[in-house]
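All remarks here apply to the structure that follows.
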Amino acid sequence: MKKYISGIIAGIIVGIFNCIFLLFAKDLEITVFISTFITWIVIGVLISSVNFKINSVIKGIIVSLLVSLPSLIYTFASTIFGGIWTLLTTILVGAFMGYIIDKINKR
């Protein structure tokens, strides 16, 4: 159960962090913030629970990209800059979450 808790906590922290950056975007509805927040919690839980026999950073990147792919497609269709930003943050934050969750769960 400890590994799921670490995934939820990491997802909440990253979700809040990501929503703060969304405040700089213009004219976003509240549903975008809620969706982003929930998505990162789900990513955290999945990273903590999948059993890929690969590096934790790569695992975090793969899981975050797989979960975020539908919203990435929608974002790229709306704005290229937003799509690139979303793709980069998904890769970087997914790698960070994979690393942190792995370190917490190994304790």
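Remember, predicted model here, so these are calculated numbers, not experimental data.
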Hydrophobic cluster membership, I58 vs I43, 4.5 Å side-chain cutoff: yes
Flag the pair I104 / S48 as yes when at least one side-chain heavy-atom distance between them is below 4.5 Å, and no otherwise. no
Mark yes or no for whether T86, through its side chain, and L72, through its backbone, hold a donor-acceptor pair below 3.5 Å. no
Could you state the interatomic distance from CZ (F33) to CD1 (I20), rounded to the nearest 0.5 Å? 10.5 Å
Contacts of Y74 that satisfy ring-ring contact (aromatic ring centres under 6.0 Å, His included) - sequence neighbours left out: none
F37 atom CZ: more than 12 heavy-atom contacts under 6.0 Å: yes
Identify whether V14 and I9 are in the same connected component of the hydrophobic contact network (ILVMFWY, side-chain heavy atoms under 4.5 Å). no
Report yes if the side chains of L23 and L28 come closer than 4.5 Å at any heavy-atom pair, otherwise no. no
hydrophobic_cluster_shared for I38 and V63, side chain cutoff 4.5 Å: yes
Mind checking the CD1-CD1 spacing from I47 to I100? Nearest 0.5 Å is all I need. 11.0 Å
Quick check: is V57 connected to M97 through a chain of hydrophobic side chains (ILVMFWY, heavy atoms under 4.5 Å apart)? no
Please report the closest heavy-atom contact between W40 and N18, naming both atoms and the distance. NE1-ND2, 2.9 Å
Applying the side-chain contact (heavy atoms from CB on, under 4.5 Å) criterion to I8, which one of I13, V42, V45 satisfies it? V45
Salt bridge (Lys or Arg N to Asp or Glu O under 4.0 Å): pairs with one or both residues in residues 76-104, sequence neighbours excluded: D102-K106
State, yes or no, whether a side-chain contact exists between I62 and I54 at a heavy-atom distance under 4.5 Å. yes
Is the shortest heavy-atom distance from the side chain of F17 to the side chain of F21 under 4.5 Å? yes
Atom CG in L87, atom CG in L69: separation rounded to 0.5 Å? 10.0 Å
Roughly how far apart are L92 CG and I61 CD1, rounded to 0.5 Å? 8.0 Å
Exceeds 12 heavy-atom contacts within 6.0 angstrom, atom CZ of F76: yes
State plainly whether one hydrophobic cluster holds both V93 and L46, where clusters connect Ile, Leu, Val, Met, Phe, Trp and Tyr through side-chain heavy atoms under 4.5 angstrom apart. yes
Heavy-atom nearest pair, G44 first then I101, reads O-CD1, 3.6 Å
For T75 and S71, which heavy atoms make the closest approach, and how far apart are they? OG1-O, 2.7 Å
